Structure formats: C-alpha cells, structure tokens
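Each remark here refers to the structure printed beneath this line.
Side chains are part of it too, since the values below use all heavy atoms of this structure and drop only hydrogens, waters and symmetry mates. This one's a predicted model, so the numbers in the text were calculated from it and none came from an experiment. Numbers restart at 1 for each chain; the letters A, B, ... are given by sequence-line order, proteins then strands.
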There are 2 protein chains.
Amino acid sequence: MTLSEENYLKAIFNLQQETDKGVSTNAIAEFMDTKASSATDMIKRLSEKKLLIYKPYQGARLTDKGRMHAVKVIRKHRLWETFLVENLEFSWDEVHEVAEQLEHIDSDKLIKQLDKFLGYPKNDPHGDPIPDENGNIATIEKKILAELQKNDEGICVGVDDSSSAFLKYLDKLNISLGNNIKVIEKEAFDNSMSIEVDGNKLTISSLASKNIYIKKTK
Amino acid sequence: MTLSEENYLKAIFNLQQETDKGVSTNAIAEFMDTKASSATDMIKRLSEKKLLIYKPYQGARLTDKGRMHAVKVIRKHRLWETFLVENLEFSWDEVHEVAEQLEHIDSDKLIKQLDKFLGYPKNDPHGDPIPDENGNIATIEKKILAELQKNDEGICVGVDDSSSAFLKYLDKLNISLGNNIKVIEKEAFDNSMSIEVDGNKLTISSLASKNIYIKKTK
DNA sequence: ATTAATTTTTAGACAAATCTAAAAATTTGT
DNA sequence: ACAAATTTTTAGATTTGTCTAAAAATTAAT
Ligand SMILES: [Mn+2]
Ligand SMILES: [Mn+2]
Ligand SMILES: [Mn+2]
Ligand SMILES: [Mn+2]
C-alpha cells in the first residue's frame with residue numbers, strides 16, 4: 001500500500017462519514033486537492049485492489065478491507081498526535097502535519113507498543129476517538145456548540161476544524177478540551193454567541209461555535 | 001529531498017568512510033542493491049542539486065551540503081532506534097527496519113524534541129555514535145575484537161554488523177554492549193577465540209570476533 | 001424531448017525511479 | 001601499443017502519480 005493510496009483511502013473514509021451515498025470522483029478530487037482525472041485513476045487502482053467498489057455516477061464505497069486499512073491509518077495518525085503532545089511538547093496546533101507523515105510508517109509492533117507506551121489513550125489531542133486494534137471507533141454523544149440554547153452547559157470535547165489557525169485562535173481565547181462552557185446569550189442577528197468558559201465570559205462568532213463540540217451536562 | 005535521494009546520500013556517506021577515494025557508480029549500485037544505470041541517474045540528480053561532485057571514473061564525493069544532509073538522516077535513524085529500544089520494548093535486532101522508515105520523517109522540531117525526550121543520548125542501541133545537531137560525529141577509540149591479543153581486556157562498545165541474525169546470535173551468547181570481554185586464547189588454526197564475557201567463558205568464530213568492537217582497558 | 005449543465009472518463013504528456021540491453025569510455029594486461 | 005576486461009553511460013521501456021485538454025456519459029432544465 002503506497003502513501004498516496006493510503007491518503008485516498010483516508011479521504012474516502014472521511015467523506016463517507018458525512019453521507020450514506022457513494023463518494024463521487026469530484027468530491028474525492030476536491031478533498032485531495034487534485035484533479036478529477038487523477039481521482040479517476042486512483043479509484044481504478046483501489047478498485048482493482050478490492051479496497052473499494054465503484055459504480056460510475058454513484059460513487060465509491062470502501063470495502064471492509066478498504067475501511068479497515070483506512071481506520072488503521074487514522075489510528076496511527078491519532079496515536080502519533082497524542083505522543084507528540086504528551087511526550088514531545090508539541091501543542092495541538094502543531095501535530096497534524098507531522099502525523100500526516102508518521103501515519104504511513106508500517107510496523108505492527110511499533111503501533112502496538114506506542115499504544116501501550118501512551119497508556120492506551122481513548123482520544124487524540126483534538127478530542128477525536130482513537131480507533132482500537134480491531135478498527136472500532138467509539139462515538140461520544142456530542143453537539144455542535146452553535147446548536148446549544150441559552151443556559152445550556154457542557155464540556156468541550158472536541159473540534160471540527162483541526163487547522164492550526166483555528167486551534168491557535170482557541171488558545172488565545174483560553175478554550176481547550178475539558179473546559180466547561182455555558183451559553184449566556186445567542187445573538188439572532190449574526191448567530192454570534194456569548195459564552196462562559198470556566199468562568200470567563202467571552203463572545204465568539206458563528207463560524208467558531210460551529211467548530212466546537214460540546215458534551216452537554218445541562 | 002525524496003526518500004530515495006536520502007538513501008543514496010546515506011549510502012555514499014557510508015562508502016566514503018571506508019576510503020579517501022571517490023565512491024564509484026558500481027559501488028553505489030551494489031550497496032543500494034540496484035543497477036549501475038540507476039545509480040548513474042541518481043548521481044546525476046544529486047550532482048545537479050549540488051549534493052555531491054562527480055567525476056567519471058573517479059567517483060562521487062559529497063559536498064558539505066550533501067554530507068550535512070546524510071548525517072542528519074543518520075542522526076534521525078539512531079535517535080529513533082534509541083527510542084524504540086528505550087521506550088517501546090524493541091530489542092536491538094528489531095529496530096533497524098523501522099528506523100529506515102522513520103529516518104525520513106521531516107520535522108526539525110520532532111527530532112529536537114525526540115533528542116531531548118531521550119536525554120540527549122550519545123550512542124544508539126548498537127553502540128554507534130549519534131551525530132549532534134551540527135553534524136559532528138564523536139569517535140571512540142575502539143578495536144575489533146579479532147585484533148586483540150591473549151589476555152587483552154576491554155568493554156564491548158559496538159558491533160560492525162547490525163544484522164538481525166548477528167545480533168540475535170550475540171543475544172544467545174549473552175554478549176551485549178557494556179560487557180567486559182577478556183581474551184583467554186587465540187586459535188591460530190581458524191582464528192577462533194576463547195573469551196570470557198563478564199565471567200562466562202565461551203568460544204567464538206573469527207567471523208564473529210571481526211564484528212565486535214572493544215574499547216580496551218588492559 | 002431536446003438542450004444545457006454537470007460529472008466522469010479518456011488521451012496524451014510529464015517527472016521520479018527503476019529496469020534491460022547495448023554502446024561507449026576507461027583501465028588493465030600482455 | 002593493442003586487445004581484453006571493466007566501468008560507466010545511453011537508449012528505450014515500465015510503474016506510479018500527476019497534469020491539461022478534450023470527449024463522452026449522465027443528469028437537470030426548459
Ligand atoms: Mn490530524
Ligand atoms: Mn487529530
Ligand atoms: Mn540501523
Ligand atoms: Mn544502529
């Protein structure tokens with residue numbers, strides 16, 4: 001399995017999460033920041049390897065084999081991100097790019113021992129669940145902050161946008177995983193929100209609140 | 001810098017250590033387990049990138065830039081091997097292949113932090129010196145065990161052959177880095193050696209004794 | 001039901017890295 | 001010095017992954 005094939009598998013896996021339809025050639029090309037013709041080629045290759053089933057105009061669906069491999073790469077990605085933050089003093093906005101490289105290292109023992117070394121972590125530094133050895137991914141009941149109502153309250157358990165820009169912005173606001181967040185006010189005009197983060201009051205835009213996951217407590 | 005280019009640089013650096021002449025196309029091809037025509041192509045590419053200077057029939061020599069890059073890859077390789085043994089329960093015969101992959105991960109912060117995490121180790125699990133950030137490689141005065149005389153004594157500080165087969169053989173004999181080794185007898189007939197390893201007497205072949213490095217104490 | 005818009009595929013080209021087979025250049029042996 | 005052996009390069013092909021431009025297939029609109 002080449003690096004490129006693994007990246008396409010991951011992309012298709014992610015796109016598949018958002019819908020129950022097949023993933024279109026164009027969607028894959030856009031996600032991978034490449035051209036439709038390149039996506040067509042890769043779909044053909046992955047299809048030949050029985051990693052996905054493709055029907056023209058109906059899109060691609062990963063086979064069990066394809067899904068398993070994609071999840072394994074995601075598992076590695078998230079374990080490495082955890083290692084970087086927990087042991088190498090990386091901040092959560094710095095880990096993604098390096099993990100994009102590390103996720104392709106091929107060694108069963110390595111990943112097994114890394115998992116053990118980290119103490120079998122359940123979530124990565126962005127709150128995303130780390131798939132287990134068998135490819136199972138835990139789901140937490142979480143809501144987008146933007147959807148909470150006035151006086152709703154909960155714990156910040158994740159982010160939808162893991163870009164460095166957004167994570168740095170959250171750092172500036174002192175918002176991090178585990179924080180208690182309470183909705184003080186919702187502004188109908190621009191959907192901005194006034195919230196209280198572990199006691200501190202602040203206002204965030206609609207764009208920001210759409211990218212924060214909350215596990216409701218009230 | 002591609003993975004392949006880095007591997008060629010490493011090969012040329014290693015081959016250069018053994019001689020003061022340039023490294024020939026054929027030597028590179030053999031070391032890389034590839035064909036001379038492939039080596040020619042790569043020499044051309046590396047030469048265009050000013051990583052080496054090549055004169056036909058006189059061989060290749062790394063430039064400062066090329067040497068620096070090769071050493072950086074070796075530094076990463078040895079730091080990762082150290083990590084695998086120290087923290088992930090790998091044995092010294094299992095680390096090389098994984099390190100061959102990890103050495104190509106590109107992140108200055110990663111390698112800096114890994115070094116710090118490991119406590120700035122001086123040597124890797126095979127006794128090889130870990131180059132510092134500036135590309136300096138420490139040299140220890142060491143001798144090949146085969147060259148020691150009767151009653152000579154010293155510490156095992158490294159191995160020349162890092163193959164899994166040889167390392168496993170050493171494990172079986174209970175020879176590891178740091179052991180005190182004393183020459184009891186040298187057999188002229190086949191150059192086998194009777195030695196005492198931390199008290200235990202055993203006999204090893206010429207081939208084995210040629211691949212063990214000793215820092216003499218007596 | 002045609003036309004228009006969109007999606008997808010094909011065709012042809014390119015770069016990296018490799019190979020085989022043959023040619024060219026150099027070194028060695030006599 | 002000349003032939004033989006060795007080393008190195010070239011030429012042409014292959015695979016992976018990509019691109020542009022054009023063609024084909026499908027879906028949507030009137
Ligand atoms: Mn990530
Ligand atoms: Mn993550
Ligand atoms: Mn090694
Ligand atoms: Mn080593």
Side-chain angles (χ1 to χ4, degrees), chain A residues 1-13 15-16 18-62 66 69-70 73 100-101 103-106, chain B residues 1-13 15-16 18-62 66 69-70 73 100-101 103-106:
Chain A
M1 180 95 1
T2 69
L3 185 141
S4 200
E5 286 171 343
E6 288 191 336
N7 284 335
Y8 272 94
L9 279 186
K10 253 199 326 171
I12 296 165
F13 178 84
L15 291 166
Q16 215 164 232
E18 293 159 21
T19 161
D20 52 345
K21 281 182 281 187
V23 183
S24 74
T25 303
N26 268 348
I28 294 168
E30 196 190 358
F31 193 95
M32 290 295 292
D33 199 24
T34 181
K35 296 297 144 71
S37 54
S38 302
T40 297
D41 284 351
M42 186 55 86
I43 288 167
K44 214 170 285 174
R45 267 202 292 282
L46 296 175
S47 178
E48 272 160 22
K49 293 191 174 185
K50 311 278 184 201
L51 292 161
L52 57 77
I53 288 167
Y54 179 67
K55 287 181 187 132
Y57 295 91
Q58 280 166 245
R61 282 169 211 274
L62 296 184
H69 199 97
V73 175
E100 284 291 310
Q101 296 180 62
E103 71 188 5
H104 301 291
I105 302 290
D106 179 29
Chain B
M1 183 93 3
T2 69
L3 184 140
S4 200
E5 287 171 342
E6 288 191 336
N7 284 335
Y8 273 94
L9 279 187
K10 252 200 323 171
I12 296 165
F13 178 84
L15 291 166
Q16 215 163 233
E18 293 159 22
T19 161
D20 52 346
K21 280 182 281 186
V23 183
S24 74
T25 303
N26 268 348
I28 294 168
E30 194 190 0
F31 192 95
M32 291 294 293
D33 199 24
T34 183
K35 297 295 143 73
S37 54
S38 303
T40 297
D41 283 351
M42 186 54 88
I43 288 167
K44 213 170 287 174
R45 267 201 294 283
L46 296 175
S47 177
E48 272 161 21
K49 292 190 175 188
K50 312 278 183 201
L51 292 161
L52 57 77
I53 288 168
Y54 179 68
K55 288 183 188 131
Y57 294 89
Q58 282 166 244
R61 282 168 210 276
L62 296 184
H69 199 96
V73 175
E100 283 293 308
Q101 295 181 60
E103 71 187 6
H104 303 290
I105 302 290
D106 179 30

Enumerate donor-acceptor pairs with a distance under 3.5 Å from any side-chain N or O in residues 21-38 of chain A to protein atoms, sequence neighbours excluded.
unit_1 : atom_1 : unit_2 : atom_2 : d
S24(A) : OG     : A27(A) : N      : 3.0
T25(A) : OG1    : Y54(A) : OH     : 3.0

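Rounded to an integer number of Å, the gap from L9(B) CG to dA17(C) C1' is 15 Å. Note: CG (L3(B)) to C1' (dA17(C)) measures 11 Å, nearest angstrom.
Between R45(B) and dA16(C), a side-chain N or O to OP1/OP2 separation shorter than 4.0 Å is absent.
For E103(B), the salt bridge (Lys or Arg N to Asp or Glu O under 4.0 Å) criterion is met by K10(B), not counting sequence neighbours. With sequence neighbours excluded, the residues satisfying side chain to side chain contact (heavy atoms under 4.5 Å, CB included) with E5(B) are M1(B), T2(B), M42(B), R45(B), L46(B), K49(B). With sequence neighbours excluded, the residues that form a side chain to side chain donor-acceptor pair (under 3.5 Å) with E6(A) are H69(A), H104(A).
Heavy-atom minimum distance, F13(B) versus A70(B): CB-CB, 3.8 Å.
Of the residues in residues 48-60 of chain A, those with a non-hydrogen atom less than 4.0 angstrom from any atom of DNA chain C are Y54(A), Y57(A). A heavy atom closer than 4.0 Å to some atom of DNA chain C occurs in T34(B), K35(B), S37(B), S38(B), these being the qualifying members of residues 32-40 of chain B. Applying a 4.0 Å cut-off to non-hydrogen atoms, the residues of residues 19-29 of chain B that approach DNA chain D are S24(B), T25(B), N26(B), listed by residue number.
Here chain B contacts DNA chain D (any atom closer than 4.0 Å to a heavy atom, that is under 4.0 Å), and the contacts span dT7(D) to dT10(D) from 5' to 3'.
L62(B) places a side-chain heavy atom less than 4.5 Å from the side chain of L9(B). Two residues are said to be in side-chain contact when any heavy atoms from C-beta on lie closer than 4.5 Å; I43(A) and L52(A) meet this criterion.
In this structure a side-chain-to-backbone donor-acceptor pair under 3.5 Å is missing from R61(B) to K55(B).
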